[in-house]
Amino acid sequence: MRTHTCGELRSRHLGQRVTLCGWVDTVRDHGGVIFIDLRDRYGVTQVIFDPNDSQQAWEDSQKTRGEYVIQVEGVVEARPGEMANAKLATGEIEVRCDTIQILNKSKTPPFPLDDKEAEKVTEDLRLTYRYLDLRRATMQENLRVRHQMSQSVRQYLDGADFTEVETPILTKSTPEGARDYLVPSRVVPGSFYALPQAPQQYKQLLMMAGVDRYFQIARCFRDEDLRADRQPEFTQIDIEMSFITPEDVYSLIDGLIANVMEAVGKGPVATPIPRLTYKDAMNRFGSDKPDVRFGMELVDVSAIFTGTDFKVFRQVIEQGGVVKAVNAKTLGGVPIRVMDDWTAVAKEWGLGGLAYIRCQDDGEWKSPIVKFFSDEEKAQLQNQLDIQPGDLVFFAADSRSVANKALGHLRLLAGDMAGVIDHSAFAFTWVTDFPLFEVGPDGKPIPVHHPFTASHPDDIDLLETDPGKMRAQAYDIVMNGVELGGGSIRIHDPEVQARIFQALRIPQAEIEDRFGHLIRALSFGAPPHGGIALGFDRFVMMVAGEDSIRDVIAFPKTQKAMDLMMNAPATVDAKQLRDVHINVDLVE
RNA sequence: GGGGGCGUAGCUCAAUUGGUUAGAGUCCCAGACUGUCGAUCUGGUUGUUGCGGGUUCGAGUCCCGUCGCUCCCGCCA
């Protein structure tokens with residue numbers, strides 16, 4: 001139907017007779033000559049109708065409206081001198097048309113499809129008419145970026161000798177972890193499949209099957225509440241390898257990321273990607289997903305204040321807590337109102353309050369607390385935090401974990417306000433040596449990652465004595481302060497796996513029921529193995545510069561997990577329910 | 001489950017302490033115009049103020065409930 005797309009004509013096509021198809025983007029009717037911007041996913045080309053060329057085509061062109069689908073035929077011409085449009089890739093030419101066919105009319109769209117206007121439109125309207133929203137250039141571009149990234153992942157992993165294997169979507173519920181999406185069985189009344197939260201057990205079983213290097217761009221399902229970076233169905237780059245150490249994972253993923261970023265024109269990425277231990281990440285950045293695009297690191301100033309006259313600090317230290325501080329460079333002039341907001345944030349994260357010093361341009365410290373500091377303490381603070389005129393220093397005095405967490409959040413606010421975050425930068429970091437367990441209030445260990453994670457080889461005998469101290473062979477990859485993915489070396493010894501389940505206080509019968517197949521598989525010569533999964537939607541989101549993964553998913557769900565376009569979920573026929581042996585009884 | 005924000009014309013928004021007939025831009029419709037590219041000019045149409053109830057002489061505005069969208073906490077092994 002067409003000889004060219006709307007994005008490809010240039011001066012080298014001058015004089016050629018061409019046929020274009022596309023959507024009417026805008027019409028500019030001058031009474032005589034009519035200009036139409038014709039759009040397809042490749043670009044926009046100006047086509048022109050003149051009554052002197054064809055009375056009929058000119059008249060028909062007047063009938064077009066926005067989003068009409070047309071086919072036009074004409075000759076590529078140079079635009080006269082100053083009429084060239086530098087904003088368009090095709091701006092040096094136009095197509096003088098003598099033929100037009102209206103292939104389809106369009107109702108007036110419910111919202112403007114112009115990129116700048118559409119971004120202000122309420123999102124539910126965009127989602128209801130998603131097929132219109134996707135016509136926009138930025139959405140088209142996002143779909144392209146996503147495609148390029150998945151292609152690049154496949155090409156890279158294929159080159160590294162990986163086999164792509166599909167795993168079941170209808171599988172078994174695993175009560176740990178997130179809530180499952182359930183699918184009733186027709187042939188086994190009263191039984192349910194679960195949609196996979198991740199292909200975790202399948203990929204380990206593939207290692208036991210001798211696949212050696214597996215990957216999948218896998219859809220995963222978790223029935224939990226949504227966020228800007230969380231959907232109930234999402235996509236992971238899922239990877240598993242045999243006979244490896246964490247180093248093998250790091251170097252593989254370093255290469256994968258560098259390759260993908262290069263493929264979308266966001267490279268180069270310096271490799272190896274730097275590493276932080278979990279402990280350092282928490283102590284220096286107050287987060288297990290540190291944003292390393294800027295400094296403002298947390299500094300432990302407890303030593304300065306041991307035995308201080310300032311009661312608040314002294315008591316915390318005496319009780320085994322810490323005093324930590326952040327120098328938010330250049331923010332000394334922030335209004336009190338901001339500090340009130342930040343104090344509220346600090347309280348949300350568990351601090352009693354937020355102490356701070358605003359160092360004025362003349363060097364004077366304005367602060368409700370410095371009057372309690374000795375000259376010696378002030379001098380040491382100045383020295384350790386490098387306090388200069390115009391700086392803002394804020395403090396957290398609490399247990400190490402609360403202080404870290406709270407300052408970690410405040411650090412991000414400060415970095416944002418100071419404008420020191422380079423939003424065009426992509427900063428990756430590995431976080432390594434995660435703890436294996438958190439210890440619950442009842443002393444019960446809870447896996448930080450999942451119960452198949454191998455401990456550090458030196459730590460296994462702490463399992464029965466001090467599980468909270470055990471280090472895992474687990475790692476996360478972090479991008480601009482967002483957790484991009486994580487993984488671990490898995491347990492391949494069935495006896496160790498059984499010991500872990502026991503430590504988790506899972507009853508024997510339950511272990512057999514839920515994990516019997518896995519322990520059995522381990523007992524038939526399971527190779528040492530491990531892997532990682534990367535959140536593909538988040539990765540694309542950040543590369544595309546979007547704030548929500550909904551903008552890089554073709555048909556996303558709302559916060560209530562609804563598809564506004566298809567109107568899903570929905571009720572079904574009574575017969576369908578009978579087939580799957582479901583009796584709906586809505587409770588209050 | 002909890003906290004915040006939003007909901008007025010197709011779209012984006014305005015509407016004073018609760019006060020007359022709810023406005024603007026844009027879109028849309030009609031007309032004019034032969035070089036525009038956010039075309040321009042003239043004229044015109046468009047309202048269950050999300051929905052339901054209440055207070056009041058009078059509610060877009062206040063109160064209660066409810067629905068939807070969104071951000072966050074919880075949750076997400």
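Just so it is clear, the values below take in all heavy atoms, side chains as well, and ignore hydrogens, waters and symmetry mates. Quantities reported herein were computed from a predicted structural model and do not represent experimental measurements. Lettering follows sequence order; numbering is per chain, from 1.
Looking at residues 532-539 of chain A, you'll see that no heavy atom sits under 4.0 Å from any atom of RNA chain B.
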Without placing hydrogens or testing angles, list every side-chain donor-acceptor pair under 3.5 Å for residues 474-485 of chain A, not counting sequence neighbours.
{"unit_1": "Y475(A)", "atom_1": "OH", "unit_2": "S488(A)", "atom_2": "N", "d": "3.3"}
{"unit_1": "Y475(A)", "atom_1": "OH", "unit_2": "S488(A)", "atom_2": "O", "d": "3.2"}
{"unit_1": "Y475(A)", "atom_1": "OH", "unit_2": "G531(A)", "atom_2": "O", "d": "2.9"}
{"unit_1": "N480(A)", "atom_1": "OD1", "unit_2": "A427(A)", "atom_2": "N", "d": "2.7"}
{"unit_1": "N480(A)", "atom_1": "ND2", "unit_2": "A425(A)", "atom_2": "O", "d": "3.1"}

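D29(A) comes within contact range of at least one nucleobase, with a heavy-atom separation under 4.0 Å. Within 4.0 Å of Q559(A), counting heavy atoms only, lies at least one base atom of the nucleic acid. When heavy atoms are screened at a 4.0 angstrom cut-off, E119(A) is found touching no nucleic acid atom at all. Among the protein residues, R126(A) comes within range of no part of the nucleic acid, since none of its heavy atoms lies under 4.0 Å from any strand. Using a 4.0 Å heavy-atom distance criterion, R179(A) is classed as making no nucleic acid contact.
Distance from the side chain of V121(A) is smallest to C11(B) among C29(B), C72(B), C11(B). Listed nucleotides U70(B), U36(B), C11(B) differ in distance to L125(A); the shortest reach to its side chain belongs to C11(B). Each of U12(B), C76(B), U70(B) was ranked by its minimum atom distance to the side chain of T122(A); first place goes to U12(B). Listed candidates were U12(B), C69(B), U34(B). Nearest to the side chain of D124(A) is C69(B). Of the candidates C75(B), C28(B), C37(B), C75(B) carries the atom nearest the E224(A) side chain, counting heavy atoms from C-beta on. Comparing C69(B), G10(B), C72(B) against the side chain of M562(A) picks out C69(B) as the nearest.
Between the side chain of N52(A) and the base of U34(B), a donor-acceptor pair under 3.5 Å is found.
Atom CD1 of I549(A) is separated from atom P of C71(B) by 10 Å (rounded to the nearest Å). Between the NZ atom of K120(A) and the C1' atom of C13(B) there is a distance of 10 Å, rounded to whole Å. Across the protein-nucleic acid pair, E82(A) atom CD and A39(B) atom P stand 20 Å apart, rounded to whole Å. Between the CG atom of L226(A) and the P atom of G74(B) there is a distance of 15 Å, given to the nearest Å. Protein atom CG of D223(A) is 12 Å distant from nucleotide atom P of C76(B), rounded to whole Å. In this structure, the CG atom of L88(A) is 19 Å from the P atom of G35(B), given to the nearest Å. The distance between atom CD of Q62(A) and atom P of C29(B), rounded to the nearest whole Å, is 13 Å. The CD-C1' distance, from Q197(A) to C76(B), rounds to 9 Å in whole Å.
An aromatic stack links H30(A) and the base of A39(B), using centre distance under 5.5 Å and interplanar angle under 30°. Here F35(A) packs flat against the base of U36(B); its ring centre is closer than 5.5 angstrom to the base's six-membered ring, tilted by less than 30 degrees.
The aromatic ring centroids of H30(A) and F35(A) lie less than 6.0 Å from each other.
Pairing partner, A9(B): none, since no Watson-Crick or wobble contact has both distances short of 3.5 Å. Nucleotide G44(B) has C28(B) as its partner under the Watson-Crick or G-U criteria, with both atom distances under 3.5 Å. Across every strand in view, U16(B) sits unpaired, with no contact that passes the Watson-Crick or G-U test at under 3.5 angstrom. Checking G65(B) for Watson-Crick or G-U wobble geometry (two distances, each under 3.5 Å) identifies C51(B) as its partner.
A salt bridge links R39(A) to E67(A): one of the charged nitrogens lies within less than 4.0 Å of a carboxylate oxygen. Ionic pairing of R230(A) and E224(A) is not present here: no N-O contact between side-chain nitrogen and carboxylate oxygen is shorter than 4.0 angstrom. Electrostatic pairing of R219(A) and E233(A) counts as a salt bridge here, judged by a charged N lying under 4.0 Å from a carboxylate O.
A residue-by-residue look at K557(A) and R230(A) shows that K557(A) has its nearest nucleotide of RNA chain B further toward the 5' end.
An OP1 or OP2 oxygen of G68(B) is reached within less than 4.0 angstrom by a side-chain nitrogen or oxygen of K560(A).
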